[in-house]
Amino acid sequence: MCSDQSQKEAHSSKTAPVPDALNRRIDEIYNQIDKSIPKIKLENFDEATSAGESKATIVNQKDGYCLGEQLFVRVQAYDYLGNMKSYGGDYLRARIFSPKTNSSASGNITDYNNGTYLIAFTLFWEGEVTATVLLMHPSEAVSALWRARNQGFANILYTGNFTSATKYVNRECGFQLETQEDICQYADRRDQEAFYCIKPPDFPCEALTHMNSVNRDHSYLSEVEKLLLNRSNIGVEISKDFKTISVSSCGKTLIPPTKSCNRGFYYPIPSGYFSHNIWNPVHCKMNLFNENEKLKRFLKGKKVFLIGDSTVRQYIRHFAESMKFLDYFNHTEDEMQSWQKTLLAINLENFIFVQWKKHTFPFVSKTFYSIKEDAYMARQIDQIGGGINTIIILTMGQHFRPFNFRIFIKAAFNVRRAIERLFIRSPHTKVIIKEENARDMDIDMERFSDFHGHIQYHVLREIFHGLNVGFVDALDMTIAYACNVIHPPVEVLENIISMSFTQATD
């Protein structure tokens with residue numbers, strides 16, 4: 001729903017009102033996260049956690065380890081001056097790996113909130129194993145990132161394109177506009193989500209057709225905080241006093257799970273491990289879907305709706321462009337957009353239908369994209385009839401990272417309620433949540449750091465708890481594989497797809 005607003009209303013910094021019950025729940029989750037984030041005002045760079053000064057040591061050191069044992073690594077954080085840290089909150093990333101067998105797994109990290117961390121690695125395979133702990137961000141950067149994210153909306157500039165038959169004009173848009181001009185409000189009154197644009201003269205609000213966004217030349221960070229987020233300070237390995245460890249069978253064999261992964265369950269990291277580039281879940285069995293014929297048999301007669309960002313768009317591109325068992329339905333409109341357009345691919349022989357559609361606000365893209373057929377993810381779910389042969393795969397997170405955390409929480413609750421409505425009318429519909437994956441380390445960290453994704457990852461699980469949906473732990477997979485790119489390579493993608501379809505099996 002779009003409407004004009006007066007200058008008085010336009011100057012307000014508030015977004016659409018939220019019903020009391022939902023507002024309380026949003027505040028509850030926000031405050032829960034806020035309490036867990038250290039509040040640090042850094043003035044001296046040398047007082048931040050240093051990967052070079054910090055120390056990682058093996059707690060249960062011995063000459064050899066047995067298959068299935070745990071390796072415990074203790075991390076003691078120090079600042080650049082060599083002083084022991086007295087508080088926690090550092091964003092760490094831990095993994096073990098053996099290049100010879102393409103084996104890898106992440107570690108489970110416990111923060112004791114006093115500068116000490118304990119990492120538990122499960123030794124899932126035999127051979128020489130290397131363990132690493134990376135300091136992704138010191139606690140001082142974590143504090144700055146959290147504060148900056150929730151401080152305002154000035155880091156991203158949205159531009160809306162208003163079009164008529166003879167002319168067009170661009171105007172600023174966003175979640176919050178500080179202006180005395182009239183504005184257009186694009187509101188979903190049921191779900192209380194809203195987006196705004198400055199209204200151009202002689203154009204109705206309904207004339208908005210395209211949108212883009214760019215990073216403003218703006219930061220909420222101090223100069224010393226910016227230094228913490230330089231690429232040279234991201235993902236630095238913490239000093240350690242050990243090299244590789246040796247793992248042997250000791251007469252043991254790991255008994256693989258026999259029950260297939262199903263919906264309604266999710267597990268803590270590490271939820272699985274790679275061996276020979278194949279993901280092996282710890283608690284359930286994954287069926288591989290990496291061959292054309294197997295995929296066609298599974299998808300025969302099915303509709304698959306992919307909703308979200310470009311990381312779930314990889315599914316349809318893999319099927320149509322790499323495996324080539326689907327054909328795109330080519331749109332012929334001369335649209336002012338590129339990769340963001342809706343993709344539809346079909347296989348007529350096997351009656352397979354696969355569609356990818358982006359979620360709407362927030363959606364971040366430098367190139368203009370059409371919003372004429374856009375809808376919030378919850379509304380898109382409402383438009384799907386569902387049924388036993390319908391699979392919905394959702395992802396939300398990457399485009400939410402630059403914005404106030406409450407926007408993500410509200411959107412996630414709205415999606416949950418849409419899924420609940422779907423299950424009432426079509427209880428046999430399969431819904432899979434493809435969780436966020438790790439991404440590049442050379443991006444704008446203030447806006448897109450994996451720390452933001454890490455927080456969203458945990459909150460998403462809390463919000464969707466109790467629903468009969470599947471969870472694909474793409475964060476665990478990409479940390480284990482160390483593929484620090486926004487679009488995981490095909491070796492990882494095929495495992496993400498396999499976990500999705502395994503949980504979508506009856």
Side-chain angles (χ1 to χ4, degrees), residues 256-272 278-290 294-295 297-308 311-312 314-316 352-356 359 377-378 380-397 411-437 456-478 492-506:
T258 56
K259 186 177 180 181
S260 289
C261 301
N262 210 334
R263 302 179 298 283
F265 302 95
Y266 57 87
Y267 303 98
I269 289 178
S271 61
I278 302 298
W279 182 250
N280 298 269
V282 175
H283 303 282
C284 57
K285 178 184 177 183
M286 182 187 79
N287 300 312
L288 269 177
F289 289 91
N290 60 353
K294 188 171 183 179
L295 275 163
R297 285 196 303 271
F298 172 73
L299 292 173
K300 186 173 183 177
K302 290 185 173 65
K303 287 184 177 181
V304 180
F305 295 90
L306 308 167
I307 307 174
T311 63
V312 78
Q314 282 189 277
Y315 289 53
I316 192 170
I352 301 170
F353 172 102
V354 180
Q355 176 185 282
W356 172 80
H359 63 67
M377 186 179 288
Q380 291 188 45
I381 296 169
D382 287 339
Q383 292 299 312
I384 297 173
I388 195 167
N389 289 317
T390 298
I391 300 170
I392 303 173
I393 301 176
L394 313 172
T395 190
M396 55 187 300
F413 271 119
N414 286 333
V415 170
R416 180 192 168 107
R417 292 189 298 194
I419 295 172
E420 291 172 341
R421 292 190 292 270
L422 170 68
F423 285 162
I424 291 172
R425 66 180 183 272
S426 299
H428 299 296
T429 307
K430 286 83 174 175
V431 178
I432 309 298
I433 310 295
K434 181 253 165 201
E435 298 176 282
E436 284 185 72
N437 51 265
Q456 291 173 175
Y457 165 88
H458 288 288
V459 166
L460 203 64
R461 290 189 166 204
E462 179 174 347
I463 290 174
F464 284 89
H465 180 74
L467 270 185
N468 187 31
V469 299
F471 289 91
V472 178
D473 199 336
L475 182 62
D476 192 11
M477 288 185 182
T478 49
V492 178
L493 176 62
E494 287 185 337
N495 285 282
I496 291 174
I497 290 171
S498 293
M499 277 297 292
S500 301
F501 288 162
T502 297
Q503 294 181 81
T505 303
D506 290 323

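Keep in mind it's a predicted model, so treat the numbers as computed, not measured. Position 1 is the first residue of the sequence, and the numbers go up from there.
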Q: Could you give the distance from CG (N468) to NE2 (H428), rounded to the nearest 0.5 Å?
A: 11.0 Å

Q: From L475 CG over to Q456 CD, what is the distance, rounded to the nearest 0.5 angstrom?
A: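 Atom-to-atom, L475:CG and Q456:CD are 11.0 Å apart.
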
Q: Does any N or O in the side chain of N437 come within less than 3.5 Å of the main-chain N or O of A474, such that one atom is a donor and the other an acceptor?
A: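 No, N437 side chain to A474 backbone: no donor-acceptor pair under 3.5 Å.
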
Q: May I have the step-by-step check of side-chain contact (heavy atoms from CB on, under 4.5 Å) for V282 and Y267, ending in yes or no?
A: CA-CA 9 Å; V282 175; Y267 303 98; over 6 Å; no

Q: Would you say that N290 contacts N495 through its side chain, given a criterion of any heavy-atom pair below 4.5 Å between the two side chains?
A: no

Q: Using every non-hydrogen atom in the two residues, find where S498 and M286 come nearest and quote the distance to one decimal.
A: CB-SD, 3.8 Å

Q: Can you spot which of L493, I496, T395, T478 makes a side-chain contact (heavy atoms from CB on, under 4.5 Å) with T311?
A: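 So, applying the side-chain contact (heavy atoms from CB on, under 4.5 Å) to T311 and each of L493, I496, T395, T478, only T395 qualifies.
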
Q: Keeping the roles fixed (side chain from T502, backbone from N287), state whether a donor-acceptor pair exists under 3.5 Å.
A: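 Answer holds: yes.
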
Q: Under 4.5 Å between any side-chain heavy atoms of V469 and F423, yes or no?
A: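 Result yes, sub-4.5 Å side-chain heavy-atom pair found.
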
Q: For F501 and I497, what are the C-alpha separation, side-chain angles and deciding distance, and is it a side-chain contact (heavy atoms from CB on, under 4.5 Å)?
A: CA-CA 6 Å; F501 288 162; I497 290 171; 3.8 Å; yes

Q: With no hydrogens and no angle check, is any side-chain donor or acceptor of D476 less than 3.5 Å from a backbone partner on S271?
A: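 At least one qualifying donor-acceptor pair exists.
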
Q: Could D473 and R461 be called an ion pair, given the rule that one side-chain N must be under 4.0 Å from one carboxylate O?
A: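 Yes, this pair counts.
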
Q: Got a second to check how far M477's CE is from K434's NZ, nearest 0.5 Å?
A: 10.0 Å

Q: Does K285 have more than 12 heavy atoms from other residues, nucleotides or ligands lying within 6.0 Å of its NZ?
A: no

Q: Side-chain contact, heavy-atom cut-off 4.5 Å: R297 with K300?
A: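 No. Closest side-chain heavy atoms not under 4.5 Å.
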
Q: What are the two closest heavy atoms between P257 and P281, and how far apart are they?
A: CG-O, 3.8 Å

Q: Under 4.5 Å between any side-chain heavy atoms of M499 and C261, yes or no?
A: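 In contact.
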
Q: Any chance you could lay out the side-chain contact (heavy atoms from CB on, under 4.5 Å) test for I391 and F298, step after step, and finish with the verdict?
A: CA-CA 11 Å; I391 300 170; F298 172 73; 3.9 Å; yes

Q: Hey, is the main chain of F353 close enough, under 3.5 Å, to the side chain of K302 for a donor-acceptor pair?
A: no

Q: Would you indicate whether the side-chain heavy atoms of I393 and F305 approach each other to under 4.5 Å?
A: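 The answer is no, as the side chains (C-beta and beyond) never meet within the 4.5 Å cut-off.
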
Q: Tell me if a side-chain donor or acceptor on Q503 pairs with a main-chain N or O of I432 at a distance below 3.5 Å.
A: no

Q: Which value, rounded to the nearest 0.5 Å, describes the distance between N389 atom CG and I352 atom CD1?
A: 11.5 Å

Q: Is there a side-chain contact (heavy atoms from CB on, under 4.5 Å) between F265 and H283 once you walk through the steps?
A: CA-CA 10 Å; F265 302 95; H283 303 282; over 6 Å; no

Q: Below 4.5 Å, heavy atoms only, C-beta onward: do Y315 and W356 meet side chain to side chain?
A: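 No, their side chains stay 4.5 Å or more apart.
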
Q: I381 and side-chain contact (heavy atoms from CB on, under 4.5 Å): which partner among L394, N414, V431?
A: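 Only one option passes, and that is L394.
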
Q: Please check if the side chain of R416 supplies one atom and the backbone of H465 the other of a donor-acceptor pair under 3.5 Å.
A: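 At least one qualifying donor-acceptor pair exists.
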
Q: Is I392 close to I384 at the side-chain level, that is, under 4.5 Å between some pair of heavy atoms?
A: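 Yes, their side chains come closer than 4.5 Å.
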
Q: First locate atom CE of M377, then atom CD1 of I419, and finally report the distance between them rounded to the nearest 0.5 Å.
A: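 So the CE of M377 and the CD1 of I419 are separated by 9.0 Å.
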
Q: Donor-acceptor pair, distance only, cut-off 3.5 Å: does the side chain of T429 make one with the backbone of S426?
A: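 Confirmed, T429 side chain pairs with S426 backbone.
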
Q: Enter the distance from K430:NZ to S500:OG here, rounded to the nearest 0.5 Å.
A: 14.5 Å

Q: For a quick test of reading the model, state the closest non-hydrogen atom pair linking S260 to C284 and the distance between them.
A: C-CB, 4.0 Å

Q: So do L422 and I424 actually touch side chain to side chain, heavy atoms under 4.5 Å?
A: no

